[in-house]
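In this chain, numbering begins with 1 at the start of the sequence shown. Indexing begins at 1, ligand by ligand and atom by atom, following the structure's order. Only this structure's heavy atoms are used, side chains among them; waters, hydrogens and symmetry mates stay out.
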Amino acid sequence: MATRTLDELLAEGVRGRRVFVRADLNVPLEGGQHGDPIKIGDDTRIRAATGSLRRLLAGGARVVLASHLGRPKGERKLELSLSPVAERLGELLERKVAFCPDVVGPLASAAADGLGDGELLLLENVRFEPGETKNDEALARGFAELADIFVNDAFGTAHRAHASTQGVARLVPKRAAGDLLRAELEHLEVVRQPERPLLCLLGGAKVSDKLAVLEALAPHADVLAIGGAMAYTFLAARGEPTGNSLVEPDRLEDARRVEEAAAKAGRRLLLPTDHLVVEKLEPDAPAEVVAQVPDGRMGVDIGPETAAAYAAEAAAARTIFWNGPMGVFEMDAFAKGTEAVADAVAGSSARSVVGGGDSVAAINRLELGDRIGHLSTGGGASLEFVQGKTLPGVAALEE
Ligand code: ADP
Ligand code: MG
């Protein structure tokens with residue numbers, strides 16, 4: 001089944017049509033305490049959204065824009081209003097952005113009907129409505145009433161069947177994928193159908209967070225290299241000492257199953273062969289490199305030998321997918337393993353995709369973003385997609 005691209009939609013013409021755009025304007029906010037004004041901490045997501053919006057507005061569309069912000073849990077929480085985002089968006093687009101304090105209903109309908117060609121209206125936070133995350137039919141119909149065409153450009157929520165992502169899509173006669181969503185899918189598709197060898201680097205905190213992706217990638221990746229805290233659950237499952245490292249005792253069986261799946265498929269699963277250990281997790285704790293974690297110590301980063309081995313795999317790979325830092329990278333002293341791997345991924349000629357909030361933050365902190373093939377904006381969605389799952393928000397766009 002085919003999904004209409006924005007190019008195709010623009011070629012068909014959008015002048016005078018009401019285009020409902022679901023974007024991801026879920027930006028971090030600052031202030032709001034003791035009467036301070038609420039400010040946008042980082043406007044990366046707003047900037048990213050302007051690409052599709054500019055093209056639609058230039059084509060004469062009447063854009064009704066929707067997004068969630070934070071987790072208001074179905075209540076109207078003023079501190080999670082999108083109104084500061086409307087202001088910032090107006091500055092970036094250099095045009096007036098109307099703001100509707102409602103999500104659906106008479107006020108929203110009147111505002112949408114009042115738009116001229118090439119004008120834009122931002123609706124209030126869709127998660128102020130309890131029906132949003134429940135994919136409520138009436139709410140989806142409320143959105144559909146504002147639209148002739150639906151464009152989804154919010155990859156980060158595409159794995160959720162919500163009223164503004166999946167519900168509305170089915171009720172609008174014409175739909176298309178925005179440029180951001182399309183770029184994400186194209187890059188992640190390379191991981192699903194890789195040029196081999198495919199190296200998957202998985203790290204971060206917990207096996208339990210990423211079990212499904214571990215299970216899917218173990219037989220798929222030529223090499224699955226594991227770091228971060230989750231490596232200790234795998235090492236414990238092999239019966240190796242892990243000291244006070246972050247081990248999930250109830251996941252040992254899962255870790256064994258992942259190892260077996262890799263072995264059965266003839267794939268290599270790599271675990272750290274050395275570690276940086278400390279007694280206490282503090283930024284300036286004395287640390288040493290060891291081959292096995294002794295009692296009373298915890299592993300906070302992969303050691304240099306492991307980093308070199310993973311870097312060599314990155315150099316040999318044709319495709320790389322990386323999710324999850326190799327250590328407690330928030331503390332400079334424990335960021336070396338993550339840095340070494342980031343350098344190797346950036347230096348490799350392989351097509352590379354990095355997903356996950358903390359992994360992307362680590363890449364950005366090292367200013368390596370330009371040298372990575374693709375930084376995925378949607379952590380959960382990118383993990384589900386590389387597992388081979390169908391994303392409801394994407395499936396609903398198909399004709
Ligand atoms: P992402 O957001 O990229 O998906 P995760 O959220 O799964 O990544 O994991 C990131 C977290 O894992 C970071 O806060 C990091 O400090 C933590 N972490 C990585 N290695 C270790 C370790 N050895 N011990 C404890 N925490 C770790
Ligand atoms: Mg994270």
Open item on the list: Closer than 4.0 Å to some heavy atom of Lys210 - which atoms of ligand 1 meet that?
Closed with: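 By the 4.0 Å cutoff, the relevant atoms are 1 (P), 4 (O), 5 (P), 7 (O), 8 (O).
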Open item on the list: Suppose I only count heavy atoms of Gly324 and a 4.0 Å limit; which atoms of ligand 1 are within that range?
Closed with: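 Under 4.0 Å from Gly324, ligand 1 has these atoms: 3 (O), 8 (O).
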If you have a sec, work out which protein heavy atom is nearest [atom] and how many Å separate them, to one decimal?
atom                    : value
atom 10 (C) of ligand 1 : Asp358 OD2, 3.4 Å
atom 12 (O) of ligand 1 : Ala205 N, 3.3 Å
atom 18 (N) of ligand 1 : Gly327 O, 3.9 Å
atom 27 (C) of ligand 1 : Val328 CG2, 3.7 Å

Return yes or no for this condition: an N or O of [X] is under 3.5 Å from an N or O of ligand 1.
X      : answer
Ala229 : yes
Glu330 : yes
Gly299 : yes
Met326 : no
Ser359 : yes

Open item on the list: Can you confirm whether Leu56 sits close enough to Arg54 that some side-chain heavy atom of one is under 4.5 Å from a side-chain heavy atom of the other?
Closed with: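 Side chain of Leu56 against side chain of Arg54, heavy atoms only: no contact under 4.5 Å found.
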Open item on the list: To make sure I understand the geometry: which N, O or S atom in Asp358 is closest to the Mg ion (ligand 2)?
Closed with: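 Within Asp358, restricted to N, O or S, the Mg ion (ligand 2) is closest to atom OD2.
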Open item on the list: Under 6.0 Å from the ring centre and within 45 degrees of the ring axis: does the NZ or CZ of Arg192 meet both conditions for the six-membered ring of Phe385?
Closed with: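 Output yes; distance and angle both within limits.
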Taking 4.0 angstrom as the limit, do [X] and [Y] come out as a salt bridge?
X      : Y      : value
Lys336 : Asp301 : no
Arg4   : Glu12  : yes
Glu259 : Arg256 : no

Open item on the list: Is it true that His187 and Arg182 share a donor-acceptor pair across their side chains at a distance under 3.5 Å?
Closed with: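 No, because no side-chain N or O of Arg182 sits under 3.5 Å from a partner of the opposite role on His187.
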Task: Contact summary for Val191 and His220, nearest pair of heavy atoms - done: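 Nearest pair, atom of Val191 first, then His220: O-NE2, 2.9 Å.
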Open item on the list: Tell me the contacting part of Asp209 for ligand 1: side chain, backbone, both, or neither, using a 4.0 Å heavy-atom threshold, strictly below.
Closed with: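 No part of Asp209 comes within reach of ligand 1.
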Open item on the list: Below a 4.0 angstrom heavy-atom separation, can you tell me which part of Lys206, side chain or backbone, both or neither, approaches ligand 1?
Closed with: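 No part of Lys206 is near ligand 1 at this cut-off.
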Task: same_hphob_cluster(Val97, Val64) at 4.5 Å side-chain heavy-atom cutoff - done: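 Cluster IDs for Val97 and Val64 differ.
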TODO: Could you point out which residue of Leu199, Leu269, Leu198, Leu201 forms a side-chain contact (heavy atoms from CB on, under 4.5 Å) with Leu224?
DONE: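 Going through the options one by one, the only one that passes is Leu269.
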